[in-house]
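Remember, it's a predicted structure, so these values are computed and weren't measured experimentally. Here is how names work: the chains are called A, B, and so on, in the same order as the sequence lines, proteins then strands, and each is numbered from 1.
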Amino acid sequence: MPLRFVTKPKRTSASSSSLSFLINPTFTLFSYHSFPSPTPQRNTNPKPDQTLCLSSKLRALPAQQSPSSYYVSLLQSCIARKAINPGKQLHAHLWHMGLGLDIVIATRLVNLYCVCDSVTDAHILFDRIPKGNVFLWNVLIRGYAWNGPYEAAISLYYEMLDYGLVPDNFTFPFVLKACSALSAIAEGRKIHEHAIRTGWEKDVFVGAALIDMYAKCGFVGSARQIFEKIEVRDAVLWNSMLAAYSQNGCPDESLALCSEMALAGLRPTEATLVTVISASADIAALPQGMELHGFSWRHGFESNDRVKTALVDMYAKCGSVLIARNLFERLKEKRVVSWNAMITGYAMHGHATEALVLFEGMKEKALPDHITFVGVLAACSHGGLLDEGWMFFESMERDYRIDPTVQHYTCMVDLLGHCGRLDEAYDLIMQMKVLPDSGMWGALLNSCKIHGNVELGEVALEKLIELEPNDSGNYVILSNIYAQAGKWEGVARMRKLMIDRGMKKSIACSWIEVKNKVHAFLSGDNSHPDSDAIYAELNRLGVRMKEAGYVPATGSVFHDVEDDEKTTMVCSHSERLAIAFGLISTPPGTRILITKNLRVCEDCHDAIKFISKITEREITVRDINLYHHFGDGICSCGDYW
DNA sequence: ATAGGGTTAG
């Protein structure tokens, strides 16, 4: 479960200032110690560092060269190497020489502090110099857009307007990036207006930034409008639009746009492929992903590690862990992202041992990060490995200096829940240093459902209602907990609560890809052209399942109806329709891969076990939490999900 | 003179 509830951690911004020598002019970093007198002295510092390199360069200043251009090139090399300390020495020197207010030099100094993640220092310097040109503002706005606080980038932009300056084609991408980071749609729209008024809306750079801003705020339609308005479209602009679709759950549109891009005569770039491959990974569209695999190879990306890592992720998410592993082994260089994709791939499929063995191998080759540990802990959780889980959880802080985030705690809650230690899970939530989110309470609620703990389930639901009041799924789970415990008055209360609050049960949907076409089914759906054949297959299966000992369990049917009717309802759950369709439209022995937007219900889970045995098929169901691999009557999740 | 848009793992 924790693999699904994820948010990006916020980047922290540089806060302390080290420009004291500017605030207090009597203090200077520039001293004879760092800039030795012409007579060379023995260096008392055991480690000759960049400071001394720089000071010798300053000493060697050629007389005929203008000091300004010489310093500019020195500054440029500090910027290129992100060399903050030599840069500060140079800054002090320039200030001493009276060149600190030179606009070209000052702008580069502001840039230096920005690229060295010292935006606060950059701003202090900015406040002390003339601000007559847009360039200088752009550099600082970019500094904030990259490092945060993002609000500062936006307020600086407005200060710039107040100052009487007109934003240019560089200003817009920077300030829009800050809007994207904040999902600040209102600000983004205003700035879009400014771009129209200043005539920059159709610039490819501004356009790409606008597309990205609208996409990150969830407005794909607006993003597409921008895209349509731009006449010379380059690859990056196409990629922005592809990403917009992928990020907003429109992988089909993303794939379609990719073909359009090819028709328009543009060669795919690395970003194109990574984006569309990850889009097909998201819907577990294996045939489509395989086609993209071939497409990438044909376009010369066979040895591209980033594309290959995206393919590793795609194959893993489509249930082909072996192919994923094979590609993973062929990477020229395994970076953290690649290890993480493979480890989380194993974790999602419940291959706990493989995930942990891989992690041991990784430790010697790359530095694990917080995502690695989410994967490792999720693996422990799926495998019910309590001791190992605690060991990794403790090691994370002790050996890698990674502070556990809410996701790591969620994995631990899930793991404790898995092992039936619900009170310990609750205690952990109470004593942890991070704020519990809906994923955390969701994990606890899920554990309560599995172990039939009504009391803690009620606590979890109460918290969930505060955090995500419109998610009906939570009410349904608690209702199911009541139903399993035979507490029908609880079931009735939940139903009343849902009606009073105008909530509807989320619509379940399952889909399967057959011959490059996605076939989606809702619960009780009979709109598919082969509907009759599908229900006939379900009936045939029903008879054989009964013979094999299957008894329909109706506990997970939320509605209070008669048993017969309940049976009919679970029998037409969307995953069963998709599976039946898969059975009649693929040759015997073909593996069937189903994706479902919600969790699989108990009865379907049980039924699919029987179906896998009777039909001798391998059936994989990817539900909202994890993969269920059914084969020969058992499921890889060990009935814990 | 100096700066720029898109992509992967949870």
Side-chain angles (χ1 to χ4, degrees), chain A residues 1-9 68-69 72-73 75-76 79 102-112 114-115 133-143 145-146 168-177 180 203-213 215-216 226 230 234-244 246-247 254 268-279 281 304-314 316-317 328 335-345 347-348 368-378 405-408 410-411 439:
Chain A
M1 164 164 296
L3 287 174
R4 144 174 95 123
F5 299 105
V6 286
T7 47
K8 284 205 166 104
S68 178
S69 71
V72 163
S73 75
L75 260 175
Q76 204 56 26
I79 291 167
D102 178 285
I103 189 65
V104 173
I105 287 178
T107 304
R108 287 198 193 230
L109 280 169
V110 172
N111 190 22
L112 170 76
C114 286
V115 300
N133 80 12
V134 182
F135 203 103
L136 174 66
W137 291 82
N138 287 351
V139 167
L140 192 59
I141 291 173
R142 186 193 63 171
W146 281 0
D168 65 10
N169 52 333
F170 284 85
T171 320
F172 288 118
F174 299 150
V175 70
L176 285 168
K177 196 173 180 63
S180 299
D203 178 272
V204 271
F205 285 86
V206 177
L210 282 168
I211 289 172
D212 182 56
M213 182 276 294
K216 296 264 161 59
I226 305 284
I230 295 166
D234 66 0
V236 177
L237 198 80
W238 283 89
N239 293 347
S240 314
M241 197 59 227
L242 291 174
S246 301
Q247 288 158 3
S254 171
T269 66
E270 178 187 288
T272 313
L273 294 167
V274 168
T275 307
V276 288
I277 291 170
S278 77
N304 184 305
D305 274 359
R306 283 166 203 262
V307 172
K308 209 172 271 174
T309 298
L311 286 169
V312 167
D313 177 51
M314 185 277 294
K317 287 196 174 138
F328 173 79
R335 293 168 310 121
V336 192
V337 186
S338 325
W339 288 100
N340 290 354
M342 198 64 236
I343 290 174
T344 48
M348 282 185 293
D369 64 8
H370 67 282
I371 295 164
T372 317
F373 278 99
V374 173
V376 167
L377 295 175
T405 66
V406 69
Q407 298 159 45
H408 299 108
T410 303
C411 291

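You'll find that the side chain of A/R306 is closest to B/dT8, out of B/dA3, B/dT7, B/dT8. Of the candidates B/dA1, B/dA9, B/dT2, B/dA9 carries the atom nearest the A/N340 side chain, counting heavy atoms from C-beta on. Comparing B/dA9, B/dG4, B/dA3 against the side chain of A/D168 picks out B/dA3 as the nearest. Closest to the A/F174 side chain, of the nucleotides B/dG5, B/dA9, B/dG4, is B/dG4. The side chain of A/T309 has B/dT8 as its nearest neighbour among B/dA3, B/dG5, B/dT8. Closest approach to the A/R335 side chain among B/dA9, B/dA1, B/dT8 is made by B/dT8 (side chain taken as heavy atoms from C-beta onward). Side chain of A/V337, nearest nucleotide from B/dT7, B/dT8, B/dG5: B/dT8. Ranking B/dT7, B/dA9, B/dA3 by closeness to the A/D212 side chain, first place goes to B/dT7. The side chain of A/D234 has B/dG5 as its nearest neighbour among B/dT8, B/dG5, B/dG10. Among B/dG10, B/dA1, B/dG5, the nucleotide with an atom closest to any side-chain atom of A/V104 is B/dA1.
Heavy atoms of A/A243 sit under 4.0 angstrom from primed sugar atoms or phosphate atoms, though from no base atom. Using a 4.0 Å heavy-atom criterion, one finds that A/T269 contacts the bases of the nucleic acid, with or without backbone contacts as well. Using a 4.0 Å heavy-atom criterion, one finds that A/I103 contacts no nucleic acid atom at all. Backbone-only contact: A/D313 has heavy atoms under 4.0 Å from sugar-phosphate atoms and none from a base. Within the nucleic acid shown, A/T275 comes within 4.0 Å of sugar-phosphate atoms alone, with no base atom in reach, counting heavy atoms only.
Atoms CD1 (A/I277) and P (B/dA9) sit 12 Å apart, rounded to a whole Å. Here B/dA3 presents its P atom at 20 Å from CG of A/L176, a figure rounded to the nearest Å. Rounded to an integer number of Å, the gap from CZ of A/F170 to P of B/dA1 is 14 Å. Nucleotide B/dA1 holds its P atom 14 Å from the CG atom of A/N133, rounded to whole Å. Here B/dA9 presents its P atom at 15 Å from CE of A/M342, a figure rounded to the nearest Å. Distance A/F373 CZ to B/dA9 P: 20 Å, rounded to the nearest Å. Summarising the geometry, the separation between CZ on A/R142 and C1' on B/dT2 is reported as 10 Å, rounded to the nearest angstrom.
Partners of A/T171 by side chain to side chain donor-acceptor pair (under 3.5 Å), not counting sequence neighbours, listed by chain and number: A/N138, A/D168. With sequence neighbours excluded, the residues that form a side chain to side chain donor-acceptor pair (under 3.5 Å) with A/T372 are A/N340, A/D369.
For A/N304 against A/R306, the heavy-atom pair with the smallest separation is OD1-N, 2.9 Å. Shortest non-hydrogen contact noted between A/I230 and A/D203 is CD1-O, 4.2 Å.
One distance of note links CG of A/L311 with CG of A/D305; it measures 11.0 Å at 0.5 Å rounding.
The closest donor-acceptor contact from the side chain of A/T344 to the backbone of A/A347 lies at 3.5 Å or more, if one exists at all.
The side chain of A/K216 places an N or O atom within less than 4.0 Å of a non-bridging phosphate oxygen (OP1 or OP2) of B/dT7.
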